[in-house]
Novice: 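Sending over a structure as structure tokens; questions will come in a sec.
Labels below follow one simple rule: chain letters A, B, ... track the order of the sequence lines, proteins then strands, and each chain is numbered from 1.
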There are 2 protein chains.
Amino acid sequence: MGKESNILHQRGGARGRIMDIAQEAVLAKGFEATSIEEIVAAAGITKSGFFYHFPDKTALARALLERYLEQEEAIFDDVFGRAAELSDDPLQILLIALKLLAEVVENLPEGHPGCLVATTAYQDRLFDAEVRALNREGVAAWSARFKGYLEQVVALYQPKRPVDLDDLADMVTGVCEGGIVLQKALGDRTAMARQILLLRTFIAMLFK
Amino acid sequence: MGKESNILHQRGGARGRIMDIAQEAVLAKGFEATSIEEIVAAAGITKSGFFYHFPDKTALARALLERYLEQEEAIFDDVFGRAAELSDDPLQILLIALKLLAEVVENLPEGHPGCLVATTAYQDRLFDAEVRALNREGVAAWSARFKGYLEQVVALYQPKRPVDLDDLADMVTGVCEGGIVLQKALGDRTAMARQILLLRTFIAMLFK
DNA sequence: CCGTCAACTGTACCGCGGGTCCAGTTGGAT
DNA sequence: ATCCAACTGGACCCGCGGTACAGTTGACGG
């Protein structure tokens, strides 16, 4: 039968399109509420096409989370990489990176669409141990990254108050996640960026 | 404290039980994934019994959110009320209240079960404008409360850095929400309390 | 020019469960 | 004895996840 020609169809194949559509829907409605039928309708394929790419719906969930974690790592690599080109001082790098992160988030046209880690955490009884482990390790990797930067900071700067570096590293993730919830609940697309910048102020205050 | 719902179990009947069971499931699986059949099975009633209490599933969502917001207001009233009995200084009251809040959260046996506001925000396409408005106003009310306390603080204490009071008020909510996500994702029931205490440290640092 | 393979389509089917409708029952207060 | 709130019972529709499998299409290598 004649293929409906959408330019998007040609680029990247159906698998990526399925995942893009599914991710958007999952972040707005939850995983169970996102039906395979609506995904394939929006992707311009058939149900059979879906099951060619994913053995079942849980495989889609796993693939979404894996891809999301990779994308986030890439964003952090980019932001901290750009920050490291602008300064040699670990504290400055961290503060610049947080500024850049706030900018990245603010420049998203519709605001941050939501974090798959948060949705997964709030629906973890839907998923198997593998997906839950993936989520746990994803967050742990973020915290480990931030803790690494913080350790470089405390090697040079004495914190004004005693703080647990693990908690502070977790707070970077936590403020992002909380900022997204605020943004979605309040319908205010600038909330997340403002929360990141406020955390940045606190970190600046803590070390100088 | 949630004891009222237990009383309701014995006196009133199934409505409170339905809501308790539904809330636990919604916070662990999402709204759509929580089936009416599992709720009524756990509550020991029939499907017809459910629809006697709620015209449809969305009415359950609205009732859950309304009750949740009231319960949270009661917790904040309690925590800030107890804090106000221990000091007359607005900053001390705020710091004591945050400490008490961390204690309340830490003493929950299974950790914080999750925030309905966050689940609702992450599934808002499931709900109508009324539920979304309820969620927005609930968060706005929390922020307004915290901003009120902060205004009393800045009337006496000069912040060490310029901060937007609205953003700081939002951050109390945001850190709680982010802390819950961390807790769920990491499987660490102490994460939320530690995040609240770290925010407390930052606020203390900001004002003295 | 042919064969192969990946990437699908088309069709038929199953079972579960959300949701609707409504008629009937029960136990406690008045 | 009556009334009503709080249910029960059962029939029904349909959307959706998932299965099964045969057929189609177009690019590419030999």
Novice: Name all residues meeting the side-chain contact (heavy atoms from CB on, under 4.5 Å) criterion together with A:Arg67; count only those two or more places apart in sequence or in a different chain, and write none if there are none.
Specialist: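 If we apply the side-chain contact (heavy atoms from CB on, under 4.5 Å) test to A:Arg67, skipping adjacent residues, the hits are A:Met19, A:Asp20, A:Gln23, A:Leu64, A:Gln71.
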Novice: Does a salt bridge link A:Arg132 with A:Asp124, judged by any charged N lying under 4.0 Å from a carboxylate O?
Specialist: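 Salt bridge absent between A:Arg132 and A:Asp124.
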Novice: Under 4.0 Å between a side-chain nitrogen and a carboxylate oxygen: does that hold for A:Asp56 and A:Arg62?
Specialist: no
Novice: Does B:Tyr52 have a side-chain nitrogen or oxygen under 4.0 Å from the phosphate oxygens OP1 or OP2 of D:dA6?
Specialist: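 It does, given that an N or O in the side chain of B:Tyr52 lies less than 4.0 Å from OP1 or OP2 of D:dA6.
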Novice: For atom CG of B:Asn107, decide whether the heavy atoms of other residues, nucleotides or ligands shown that lie under 6.0 angstrom number more than 12.
Specialist: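 Yes, because the 6.0 Å sphere around CG of B:Asn107 holds more than 12 heavy atoms from other groups.
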Novice: Cut-off 3.5 Å, side chains only: do A:Asp89 and A:Ser87 have a donor facing an acceptor?
Specialist: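 No, because no side-chain N or O of A:Asp89 sits under 3.5 Å from a partner of the opposite role on A:Ser87.
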Novice: Looking at the rings of A:Phe80 and A:Tyr149, which for Trp means the six-membered one, are their centres under 6.0 Å apart?
Specialist: yes
Novice: Is there a side-chain polar atom (N or O) of A:His53 under 4.0 Å from OP1 or OP2 of C:dC8?
Specialist: yes
Novice: Quick one: B:Ile45 CD1 to D:dA5 C1', roughly how many Å, whole number?
Specialist: 14 Å
Novice: All N/O contacts under 3.5 Å from nucleotides 17-20 of chain D to the protein, with atom names and distances to one decimal?
Specialist:
from: D:dG17; atom 1: OP1; to: A:Ile36; atom 2: N; distance (Å): 3.0
from: D:dG17; atom 1: OP2; to: A:Ile36; atom 2: N; distance (Å): 3.0
from: D:dG17; atom 1: N7; to: A:Lys47; atom 2: NZ; distance (Å): 3.1
from: D:dG18; atom 1: OP2; to: A:Lys57; atom 2: N; distance (Å): 3.1
from: D:dG18; atom 1: N7; to: A:Lys47; atom 2: NZ; distance (Å): 3.2
from: D:dG18; atom 1: O6; to: A:Lys47; atom 2: NZ; distance (Å): 3.1

Novice: Could you give the CD1-to-C1' distance, from B:Ile18 to D:dA6, as a whole number of Å?
Specialist: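 These atoms are roughly 11 Å apart.
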